[in-house]
Amino acid sequence: MKKLKMVSWLASGLLLLFSANSAMAQDCEDLILGSAISLTGKYATNGVHAMNGYEFAIQKIKEAGGVKIGDKCYNFSVIYYDDESKGDRGATLAERLINQDEVQYMLGPYSSGLTKAIAPVTEKYQIPMVEAEGASRSLFNKGYRYLFAVLSTSEQYLASAITLAAEKSMESGSTPDAVKVAVAVENDPFSLDIRAGVLEDAAKYDMKVVIDEQLPRDLSDMSAILTKVKLVKPDVLVVSGHSKGAATAVRQIEEQNVKVPMIAITHCEAADVVGNFGAAANDILCSTQWAETLTYDDEIFGTAAEYELEFKAAYPEYADRKVPYQTAQASAAVYVFKDAFERAGTLDKEAVRDAIAETDLSTFYGQIKFSEAGNNIAKPMVLRQIQDGEYNVVAPSAFASHALNWPRN
Amino acid sequence: MDQILSNISLLLEFPIVNLKIVIDGIMIGALFALSAYGLALVWGVMNVKNLAQGDFVIAGGYIAWWLAKNGVHPLLGVPAAFIVMWGIGWGIYRLVICRVIERDLFTSLLATFGLAIIIAQILNLIFGSDTQSIALDYPTLYFADGFIDVPIAKLLGVLMATVLAAGVITFMKVGRMGQAIRATAQDARAARVLGINTDKVYSFTFSLNAAICGAAGAIVVMVWVIQPFYGITHSIRSFVIVTAAGLGNLPGVIAAGLGIGALEQYGAHIFGIGYQQAVAVLLLLLVLLIRVQQQKRVRKSLQ
């Protein structure tokens with residue numbers, strides 16, 4: 001681990017060098033942000049996606065003339081530490097960033113769990129943190145004053161599938177309360193939030209929940225649940241269990257020939273269900289925070305589609321895949337900081353915190369406006385359906401580019 | 001409670017589902033039985049409790065996955081993983097295991113625990129932490145109105161597991177090295193006196209174990225998914241199965257593996273899938289309790 005830390009030190013050192021160079025050219029000073037992020041451990045893939053998102057945004061902001069505070073200009077520079085995907089490590093590193101590196105502003109880590117571990121620390125030292133990867137709503141009922149999240153909270157991930165099912169049942173001449181719902185989610189804060197959102201919406205329509213089970217964390221087998229699904233024949237099946245849950249669900253639904261009119265899951269892109277399972281993934285609904293086909297835009301990144309193109313140009317390793325929404329929202333978090341610093345007109349962290357709280361920003365990632373609790377209430381979740389191997393937006397209807405294929409199979 | 005009752009009534013209402021559960025369970029159990037067999041071997045022969053067992057499985061899975069990604073037929077991944085993991089197992093024995101084999105229990109536990117962490121992290125650095133799997137283009141067989149489904153990929157996996165297990169068992173019974181391994185397991189000192197090179201036996205056993213795990217992993221990646229940190233699942237199952245079967249009872253390990261697979265599936269149906277593993281661990285507790293009682297009786301009769 002020591003070595004890795006050295007590497008991240010070296011990386012930030014190099015970044016400092018680079019920004020020092022351009023500072024001479026543009027007379028911009030460095031503005032240091034800190035972040036503990038997962039570069040090793042089980043969240044490493046997504047942690048790197050997020051870090052690339054931060055770095056890309058920093059570069060774009062620099063190219064656009066930096067952050068203008070009063071009559072001075074600044075460039076962001078981030079000190080990263082590897083939290084090894086462990087909560088206790090994340091909290092220790094946050095302390096270290098604040099106490100030893102004297103970081104005054106933080107960018108978030110990856111995942112709800114890590115954010116939950118770090119938020120009490122930033123709160124204690126009154127350090128504003130804009131995070132982009134912690135969606136659990138349990139982060140936003142603790143009364144945190146310095147925590148802000150640009151993404152939609154997780155209970156919204158699949159709730160719109162329930163609305164969609166209600167619409168479809170009315171179209172076909174039935175009533176929404178005849179819809180039978182099956183829920184299978186992993187036993188972790190994120191997935192339990194998804195379950196809560198789905199159950200709340202199902203209760204709103206008076207739907208019957210016929211299966212409500214929790215997937216074990218470490219087993220990639222859900223044949224027992226799918227057998228039950230075959231027996232009780234629900235109209236909607238909701239599965240959430242990160243990449244593993246998505247891969248297992250798509251594979252075993254095909255194997256067991258399970259026919260449900262509507263199937264909604266999370267993490268389709270992360271599990272690359274289209275690449276791995278091809279036609280078996282067709283007509284499955286996937287939730288996403290962001291899609292490059294959406295019509296959002298801003299002056300730094302351009303449109304969502306332009307963001308995707310330029311990001312791929314800057315990071316060629318993404319050339320043959322979709323830019324994950326984890327990257328887009330990380331960039332949006334940096335943008336929130338730029339906007340807040342410029343509106344605050346000072347480096348005083350309390351003033352910056354207040355400026356962040358008043359954010360009302362249109363970005364390529366969507367509208368950003370924080371509630372009292374710090375979560376973004378201006379941006380909807382989007383449902384995409386896999387249609388012949390393509391991810392097409394089908395809900396909410398204001399953004400839908402394609403019609404829903406229903407019933408499935 | 002209501003849910004449990006309604007789940008049981010579902011089983012009674014559709015009796016055919018019982019057959020499906022047993023078939024599913026056996027297919028799952030067969031894969032766990034393989035790595036458990038390797039564990040029993042190493043445990044019995046060398047008295048090393050290998051906590052890195054599951055990580056060998058995952059490593060084998062990644063070897064097969066990498067080959068498949070580079071155009072090799074997935075089924076060839078099984079022998080390839082067997083061979084590569086043999087080599088890796090041998091290397092690990094020479095590097096680490098041969099130094100801890102004569103030491104006490106905790107040294108070997110710590111060493112293999114460290115190995116488990118290192119292997120998982122290396123896999124993570126090389127392959128990334130995404131979940132991976134190989135999709136085989138084989139159809140699924142359906143019986144009884146589609147209630148029973150047997151994916152041919154899974155069936156092939158179980159078949160290969162059976163062939164491998166049969167091969168290893170025959171080798172242990174008939175092969176010269178197999179006999180030497182069994183002799184060393186019974187009494188290492190006596191075996192040495194009789195001219196058996198026990199160091200060679202140890203390194204062979206450990207390599208064989210790694211190879212079996214590797215082949216099991218290559219099958220796992222075809223029927224489930226793998227991720228660098230999923231090794232612990234396989235390690236736990238292996239320990240449960242070996243303990244349930246009883247040490248030194250190699251064929252019993254296979255039976256226990258199949259039985260635990262089927263029981264878990266029943267548990268998942270009746271109590272909910274969240275309790276699937278709880279059933280396995282409860283079973284382990286039960287077996288241990290019964291064992292302790294049995295041993296008490298034996299001791300009493302000796303006195």
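Quick note on labels: first sequence line is chain A, next is B, and so on, each numbered from 1.
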Undergrad: Val150(B) versus chain A, heavy atoms under 4.5 Å apart: side chain, backbone, both or neither?
TA: neither
Undergrad: Under 3.5 Å, is there a donor-acceptor pair between the Asp221(A) and Gln265(B) side chains?
TA: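 Yes - a donor-acceptor pair under 3.5 Å links their side chains.
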Undergrad: Pairs of donor and acceptor atoms involving the side chains of residues 55-68 of chain B, under 3.5 Å and at least two apart or interchain, shall be tabulated with distances.
TA:
none

Undergrad: Tell me, for Glu254(A) versus chain B, whether the close heavy atoms (under 4.5 Å) come from the side chain, the backbone, both or neither.
TA: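 Backbone only.
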Undergrad: Measure the CG-OG1 distance between Asn276(A) and Thr131(B) for me, rounded to the nearest 0.5 Å.
TA: 7.5 Å
Undergrad: Would you indicate whether the side-chain heavy atoms of Lys244(A) and Trp224(B) approach each other to under 4.5 Å?
TA: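 Trp224(B) vs Lys244(A): side chains apart.
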Undergrad: If you draw a 6.0 Å radius around NZ in Lys49(B), do more than 12 non-hydrogen atoms from other residues or ligands fall strictly inside?
TA: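 Yes.
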Undergrad: Sort out for me which of Gly278(A), Ser243(A), Ser85(A), Ala184(A) touches chain B most, counting heavy-atom pairs under 4.5 Å.
TA: Ser243(A)
Undergrad: Kindly write out the residues that satisfy salt bridge (Lys or Arg N to Asp or Glu O under 4.0 Å) with Arg195(A), not counting sequence neighbours, or none if the list is empty.
TA: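 Checked Arg195(A) against salt bridge (Lys or Arg N to Asp or Glu O under 4.0 Å); matches are Asp212(A).
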Undergrad: Keeping the roles fixed (side chain from Lys228(A), backbone from His269(B)), state whether a donor-acceptor pair exists under 3.5 Å.
TA: yes
Undergrad: Is it true that, when you exclude Asn70(B) itself, more than 12 heavy atoms of the residues, nucleotides or ligands shown sit nearer than 6.0 Å to its CG?
TA: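 Enclosed: over 12 neighbouring heavy atoms sit under 6.0 Å from CG of Asn70(B).
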Undergrad: Write down the atom of Thr40(A), the atom of Asn124(B), and the distance for their closest heavy-atom approach.
TA: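 Shortest heavy-atom separation between Thr40(A) and Asn124(B) comes out as C-ND2, 3.9 Å.
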Undergrad: In residues 278-286 of chain B, what donor-acceptor pairs under 3.5 Å come from side-chain atoms, sequence neighbours left out?
TA:
none

Undergrad: Should Phe14(B) and Leu231(A) be marked as a side-chain contact (heavy atoms from CB on, under 4.5 Å) after you check the CA-CA gap, both sets of side-chain angles, and the distance that decides it?
TA: CA-CA 8 Å; Phe14(B) 303 93; Leu231(A) 296 178; 3.7 Å; yes
Undergrad: Looking at Gln227(B), Met222(B), Gln132(B), Lys154(B), which makes the most heavy-atom pairs under 4.5 Å with chain A?
TA: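 Top count of heavy-atom pairs under 4.5 Å with chain A: Met222(B).
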Undergrad: Give me the contact list for residues 21-30 of chain B versus chain A, heavy atoms only, anything under 4.5 Å, ordered by residue number.
TA: Asp24(B), Ile28(B)
Undergrad: What part of Pro151(B) lies closer than 4.5 angstrom to a heavy atom of chain A: side chain, backbone, both or neither?
TA: side chain
Undergrad: Quick one: what part of Val225(B) sits under 4.5 Å from any heavy atom of chain A, side chain, backbone, both or neither?
TA: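 When you check distances to chain A, atoms from both the backbone and side chain of Val225(B) fall under 4.5 Å.
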Undergrad: Within a radius of less than 6.0 Å around OH of Tyr315(A), do more than 12 heavy atoms belonging to other residues, nucleotides or ligands occur?
TA: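 For Tyr315(A), atom OH is crowded (more than 12 foreign heavy atoms under 6.0 Å).
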Undergrad: Counting only non-hydrogen atoms closer than 4.5 Å, does Val232(A) touch chain B with its backbone (N, CA, C, O), its side chain (CB onward), both, or neither?
TA: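 Just the side chain, heavy atoms under 4.5 Å.
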Undergrad: Given heavy-atom pairs under 4.5 angstrom as the criterion, report whether the side chain, backbone, both or neither of Asn257(A) touches chain B.
TA: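 Both parts, backbone and side chain.
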Undergrad: What part of Tyr142(B) gets within 4.5 angstrom of chain A, counting heavy atoms only: side chain, backbone, both, or neither?
TA: side chain
Undergrad: Take atom OH in Tyr318(A); do more than 12 heavy atoms of anything else shown fall under 6.0 Å from it?
TA: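 Atom OH in Tyr318(A) is crowded, with more than 12 foreign heavy atoms closer than 6.0 Å.
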Undergrad: Heavy-atom pairs under 4.5 Å with chain B - which of Gln214(A), Glu255(A), Glu213(A) has more of them than the others?
TA: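 When all of Gln214(A), Glu255(A), Glu213(A) are compared, Glu255(A) has the most.
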